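This report concerns only the one structure given below.
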Protein chains: 2
Amino acid sequence: MIDKKIEGGTFMNSLSYAILAILTRKSQTGYELGKQLETLWASKLSQIYPLLSRLEKKGLVTSEHILQTGKPNKIKYHITETGLETLKQWIKQSPTDPVLRDEFLIKIHSIWLSNAETAVKLLLERLESFEKKLKNANEVIEILETTKKEEITNPQTDAFCSFILYKRRKKIVEEEVEWCRWVLEMFNGSSK
Amino acid sequence: MIDKKIEGGTFMNSLSYAILAILTRKSQTGYELGKQLETLWASKLSQIYPLLSRLEKKGLVTSEHILQTGKPNKIKYHITETGLETLKQWIKQSPTDPVLRDEFLIKIHSIWLSNAETAVKLLLERLESFEKKLKNANEVIEILETTKKEEITNPQTDAFCSFILYKRRKKIVEEEVEWCRWVLEMFNGSSK
DNA sequence: AGCAGCATGTAACGAGTTACATGATTCG
DNA sequence: CGAATCATGTAACTCGTTACATGCTGCT
């Protein structure tokens with residue numbers, strides 16, 4: 001009875017909703033969406049552009065052609081009333097289980113077959129990459145805390161939602177960093 | 001120059017390595033692999049069975065037909081020397097970036113458009129599901145700590161690898177639980 | 001009587017990535 | 001002078017899910 005199939009194509013997938021979610025905050029181009037989506041639902045432009053056309057055919061977004069000089073012309077997308085309603089309805093439904101695909105975990109699972117050097121190299125790389133993510137999250141949180149002091153405590157604002165998501169990110173990334181250090185210690189302890 | 005393309009089909013994907021990784025610990029059937037893979041690289045049996053055939057053609061695993069009465073016959077897979085070498089070589093290479101696909105995050109991103117009831121329901125569901133995961137991780141950790149006391153401090157054992165992976169899982173899931181409680185408090189605080 | 005578990009597989013489809021095509025500007 | 005950024009898109013592919021097919025045992 002759930003009509004996922006709205007006129008003009010096939011079903012709505014998670015990426016479609018992620019696109020609508022970002023467009024509620026600011027109308028933007030496919031190219032810009034590609035960057036915004038990184039933290040929410042990573043995807044390539046080659047997947048985003050066809051989906052935007054599909055969403056337009058369904059009447060969930062409208063497009064505005066913007067001519068530019070010196071740069072290629074661009075197409076700005078706006079969410080429609082129908083699009084907003086569709087998104088709101090979707091939010092109410094229980095989300096599917098999260099899926100994590102992380103080659104690092106497979107490698108760690110098998111690291112007992114390897115030597116300490118390989119393990120340490122793997123862990124140091126991971127540590128470095130997550131320390132960068134942590135720094136980035138901290139920066140965004142600081143900016144939100146100073147420029148949106150009021151909004152970030154009000155659940156009815158988009159800043160609040162961004163804030164809590166970055167706080168979550170920070171917590172989880174911090175744990176990963178701590179964990180890497182802990183495992184590295186165990187390798188140092190056992191080799192000496 | 002990296003010969004991902006070993007005779008007998010196309011490339012090796014992450015799932016192929018995940019299968020090899022699990023088979024290093026214990027020979028087992030595709031059906032059993034399906035369950036073991038849940039925490040490492042979630043996948044369906046319809047993807048696992050054809051991959052096992054492919055791995056056999058490549059000479060990375062061998063199969064043993066086991067006849068059963070009362071239950072359907074089964075095929076037990078064993079990793080070969082070549083399979084083990086292939087896995088060891090792969091571990092040395094830097095893993096690709098982890099990919100997380102989580103509809104919950106998209107919904108939270110848009111929760112400012114919705115009402116407090118919807119948000120609280122979403123968060124309570126998440127909390128419950130992660131509390132279950134936490135309980136499960138704690139149980140496995142306790143078992144490992146009592147039955148494999150020695151191995152879990154020795155990086156050359158498979159128990160050590162399982163142990164550190166479950167410890168990681170526990171930490172991250174704990175943070176998610178804490179975060180859910182924190183956000184729920186903010187909703188309770190603002191509605192009164 | 002019906003459902004879950006055991007056990008293997010194929011077919012069809014949707015989701016996602018890589019490669020290709022185009023072309024101007026700006027930065028190092 | 002090459003690489004990165006801006007900007008949109010198509011084609012070909014791999015990866016992953018859903019549905020289908022089969023059939024016996026044990027639990028509720």
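Fair warning: this is a prediction, and the values are worked out from it, not measured in the lab. Here is how names work: the chains are called A, B, and so on, in the same order as the sequence lines, proteins then strands, and each is numbered from 1.
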Exercise for the section: Please check the phosphate of C/dA7 (OP1 and OP2 only) for any side-chain N or O of B/Q68 closer than 4.0 Å. Expected result: yes
Exercise for the section: Return yes when atom CD of A/Q68 has more than 12 non-hydrogen atoms of other residues, nucleotides or ligands closer than 6.0 Å, and no otherwise. Expected result: yes
Practice task
Figure out the CG/C1' separation between B/L15 and D/dT17, and round it to whole Å.
Solution key: 13 Å
Exercise for the section: Please work out if B/I75 contacts a base, only the sugar-phosphate, or nothing of the nucleic acid, heavy-atom cut-off 4.0 Å. Expected result: sugar-phosphate
Problem - Whole-Å distance separating the CZ atom of A/F11 from the C1' atom of C/dG14 - result: 10 Å
Handout entry: Rounded distance (Å) that lies between atom C1' of D/dT17 and atom CG of A/N13
Key = 13 Å
Practice task
May I ask you to say what B/S46 touches in the nucleic acid, namely base, sugar-phosphate or nothing, with a heavy-atom cut-off under 4.0 Å?
Solution key: base
Practice task
Give the ring-plane orientation class for A/Y17 versus A/W90, where under 30° counts as parallel, over 60° as perpendicular and anything between as tilted.
Solution key: parallel
Practice task
Rounded to the nearest angstrom, tell me the gap between atom CD1 in B/I48 and atom P in C/dT10.
Solution key: 14 Å
Handout entry: Nucleotide of D/dC6, C/dT17, C/dG5 approaching A/K71 most closely (side-chain heavy atoms)
Key = D/dC6
Problem - Phosphate OP1/OP2 of D/dG16 contacted by B/W41 side-chain N/O (<4.0 Å) - result: yes
Exercise for the section: Using atom CD of B/Q28 as one end and atom P of C/dC6 as the other, report the distance to the nearest whole Å. Expected result: 13 Å
Practice task
Can you figure out which of C/dA15, D/dA7, C/dT17 approaches the side chain of B/R101 most closely?
Solution key: C/dT17
Practice task
Figure out the CZ/P separation between A/R54 and C/dG16, and round it to whole Å.
Solution key: 11 Å
Handout entry: Proximity to the side chain of A/Y31 - top-ranked nucleotide from C/dG5, C/dT17, D/dA7
Key = D/dA7
Practice task
Consider only side-chain N and O atoms of B/S16 and B/R54, and report whether a donor and an acceptor are under 3.5 Å apart.
Solution key: no
Handout entry: Which nucleotide in C/dG9, D/dA7, C/dT18 has an atom nearest any side-chain atom of B/Y77
Key = C/dG9
Exercise for the section: Looking at every strand, decide which applies to A/K35 at a 4.0 Å heavy-atom threshold: base, sugar-phosphate, or nothing. Expected result: sugar-phosphate
Practice task
Record whether the side chain of A/S43 comes under 3.5 Å of the base of C/dT17 through a donor-acceptor pair of N or O atoms.
Solution key: no
Fill in the blank from the handout: Taking for A/Q47 and for B/E32 the nucleotide of DNA chain C with the nearest heavy atom, the one nearer the 5' end belongs to B/E32
Exercise for the section: Return yes when atom CD of A/E128 has more than 12 non-hydrogen atoms of other residues, nucleotides or ligands closer than 6.0 Å, and no otherwise. Expected result: no
Problem - Minimum-distance nucleotide to A/P72 side chain [options: D/dC15, C/dG16, C/dG23] - result: C/dG23
Practice task
Write down the distance between NZ (B/K44) and P (C/dC13), rounded to a whole number of angstrom.
Solution key: 19 Å
Problem - Length of the line joining A/K74:NZ and C/dT25:C1', which is rounded to integer Å - result: 15 Å
Exercise for the section: Give a yes/no answer on whether the side chain of A/N73 brings an N or O atom under 4.0 Å of OP1 or OP2 in D/dA7. Expected result: no
Practice task
Using a cut-off of 6.0 Å, state whether more than 12 heavy atoms not belonging to A/Y166 lie near its atom OH.
Solution key: no
